[in-house]
Trainee: 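Could you have a look at this structure, given as structure tokens, before my questions?
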Amino acid sequence: MRVPPWLLGIATNVMRNIARAARRHRDAMSRLPSPEAMPDFSNEVVGQMTDARRLAAAARALQRLKRNEREVFSLVVWSDLGYAATAEALGIPVGTVRSRLSRARQKLLVLVEEELAVDPRTAELRTGSGHISPSGVNATRTGHRRSTG
């Protein structure tokens with residue numbers, strides 16, 4: 001079969017146009033500045049999500065403290081009052097502020113881990129019989145069982 005010359009002429013012109021367009025495109029792209037590398041922010045987002053979960057768990061745990069411990073903790077830690085100012089605000093001795101704050105901190109450590117273990121959004125952190133905290137430490141729940149009998 002023989003190809004008509006006019007068809008070869010059209011095909012040649014089409015190929016020239018394609019090659020010219022490709023060359024112009026390459027030249028135009030080479031004149032553009034190099035794109036800046038986009039930082040990988042996925043680790044930051046995961047960190048923020050973990051921080052938000054821990055903060056929510058801390059808020060829930062704080063509500064589980066006794067009122068007097070919660071008041072002292074809130075005034076000293078969150079409101080940034082000193083021991084003397086907290087003692088004056090609550091009408092209690094400074095030593096009582098210190099002991100309540102110490103107890104509150106110890107209880108909060110345990111309660112926050114419990115809240116994180118119970119939080120369904122942290123299910124991916126659970127393994128085996130204990131629970132893995134975001135820090136990677138194996139933390140078992142510290143519930144008290146009442147004897148029936």
Trainee: Rounded to the nearest 0.5 Å, what's the gap from OG1 on T50 to CG on N43? Could you check?
Mentor: 10.5 Å
Trainee: Taking it one step at a time, do K66 and R100 satisfy side chain to side chain contact (heavy atoms under 4.5 Å, CB included)?
Mentor: CA-CA 10 Å; K66 292 179 183 176; R100 285 182 186 173; over 6 Å; no
Trainee: Between R103 and E69, is there a side-chain N and carboxylate O pair less than 4.0 Å apart?
Mentor: yes
Trainee: Can you check side chain to side chain contact (heavy atoms under 4.5 Å, CB included) on I18 and V14, steps first, answer last?
Mentor: CA-CA 6 Å; I18 289 173; V14 168; 3.9 Å; yes
Trainee: Look at the side chain of S102 and the backbone N and O of R98, then say whether any donor-acceptor pair between them is shorter than 3.5 Å.
Mentor: no
Trainee: Sub-3.5 Å donor-acceptor pair from the side chain of R53 to the main-chain atoms of L116, do we have one?
Mentor: no
Trainee: With the side chain counted from C-beta on, respond yes when V110 and Q106 share a heavy-atom pair under 4.5 Å apart, and no when they do not.
Mentor: no
Trainee: Check whether any side-chain heavy atom of P39 sits under 4.5 Å from a side-chain heavy atom of F41, and report yes or no.
Mentor: no
Trainee: Under 3.5 Å, side chain of S74 to main-chain N/O of E71, donor-acceptor pair present?
Mentor: no
Trainee: Under 4.0 Å between a Lys/Arg side-chain N and an Asp/Glu carboxylate O for E115 and R64?
Mentor: yes
Trainee: What pairs with R16 under side chain to side chain contact (heavy atoms under 4.5 Å, CB included), at least two apart in sequence or on another chain?
Mentor: T12, N13
Trainee: Quick one: hydrophobic cluster around L81, which other residues, with the 4.5 Å side-chain cut-off, linked directly or via members?
Mentor: L62, L65, V72, F73, L75, V76, V77, W78, Y83, L90, I92, V94, V97, L101, L108, L111
Trainee: I'd like to check the side chain to side chain donor-acceptor pair (under 3.5 Å) partners of S42; sequence neighbours left out, ordered by chain and number.
Mentor: D40
Trainee: If we only count heavy atoms from C-beta on, is the R23 to R26 side-chain gap below 4.5 Å?
Mentor: yes
